[in-house]
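First the structure, in the form of structure tokens, and then the observations on it.
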Amino acid sequence: NPTLRLLFAYETTRLARLVLNRNPQQFKRYSAVLHKARFYMEQTDGEFPNLPEVHYLLGETAALTNQIDKATEEYTTALKLDPSYVDAYNALGQLYQQTDRPQLALQTYIKAAKYAPTNGEIWQKLGLQFEKEGNLFEASSALQNAIKFQPNDIPSYIGLGRVFLNLRN
């Protein structure tokens, strides 16, 4: 059942990313499960080749197993199929950040913010990327939007504080 395969792959990648962020040593346990999730997504892609969710999840499994080029390709395919797919923009932006391609990350987050202007997470990532690039006025504006849409997001407050301190100097 394609719906169950999608759900399995979504939950598997979500949990794997959570484990990777919290305890990288335990992440190795998820390797076989991620390969099974990828198999299910490839099977579903054969049946329904134009589902952006499938390509997003293939990108997630590739990113989690350090297949950067494959992940980039799958996220990009998901965005070609659905240019408003904010999760794919978010994942692609993170991938660009992790692989030291800050300008591409910035462009990706800017596009995402156009499609999801009330998404605090996108504004936070955009603001922090502007800060890294030294564009403090844009960083300030983006981080204020992040706080507006996610008032309990501590990293946005911390980032905004850093930006204000740097603007003052």
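Quantities reported herein were computed from a predicted structural model and do not represent experimental measurements.
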Which heavy atom in [X] sits nearest to a heavy atom in [Y], and how many Å separate them?
X      : Y      : value
Ala139 : Glu131 : CB-N, 3.6 Å
Gln124 : Leu143 : O-CD2, 3.9 Å
Glu133 : Pro102 : OE2-CB, 2.9 Å
Ala91  : Glu60  : CB-OE2, 3.7 Å
Leu95  : Ala71  : CD2-CB, 3.8 Å

Linked, directly or transitively: [X] and [Y] (ILVMFWY side chains, under 4.5 Å):
X      : Y      : answer
Phe137 : Phe164 : yes
Leu160 : Phe130 : no
Leu51  : Leu57  : yes
Ile122 : Leu92  : yes
Tyr157 : Trp123 : no

For Ile158, the rest of its hydrophobic cluster, which grows through side-chain links under 4.5 angstrom
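Ile154, all in the cluster of Ile158.
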
For [X] and [Y], indicate whether the former's side chain and the latter's backbone hold a donor-acceptor pair under 3.5 Å.
X      : Y      : answer
Gln150 : Glu121 : yes
Thr72  : Ile68  : yes
Tyr89  : Pro83  : yes
Ser141 : Glu138 : no

Can you tell if the side chain of Arg162 reaches within under 4.5 Å of the side chain of Leu128, non-hydrogen atoms only?
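Yes; the side chains approach each other to less than 4.5 Å.
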
Taking the side chain as everything from C-beta on, heavy atoms only, tell me whether Tyr96 gets closer than 4.5 Å to Gln103.
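No, too far: nothing below the 4.5 Å cut-off.
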
Just to verify, what does Tyr56 make a side-chain hydrogen bond (donor to acceptor under 3.5 Å, both in side chains) with, not counting sequence neighbours?
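With sequence neighbours excluded, Tyr56 shows a side-chain hydrogen bond (donor to acceptor under 3.5 Å, both in side chains) to no residue whatsoever.
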
Could you give the side-chain donor-acceptor pairs of residues 106-116 under 3.5 Å, partners two or more places apart or in another chain?
from: Thr108; atom 1: OG1; to: Leu104; atom 2: O; distance (Å): 2.7
from: Tyr109; atom 1: OH; to: Gln94; atom 2: N; distance (Å): 3.1
from: Tyr109; atom 1: OH; to: Gln97; atom 2: OE1; distance (Å): 3.0

May I have the step-by-step check of side chain to side chain donor-acceptor pair (under 3.5 Å) for Thr77 and Glu73, ending in yes or no?
CA-CA 6 Å; Thr77 300; Glu73 175 188 327; 5.3 Å; no

What is the distance from atom OG1 of Thr99 to atom CG of Asn66, rounded to the nearest 0.5 Å?
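Nearest 0.5 Å value for the OG1-CG distance: 11.0 Å.
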
How long is the span from the OH atom in Tyr75 to the CG atom in Asp87, to the nearest 0.5 Å?
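Going from OH on Tyr75 over to CG on Asp87, the span is 10.0 Å.
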
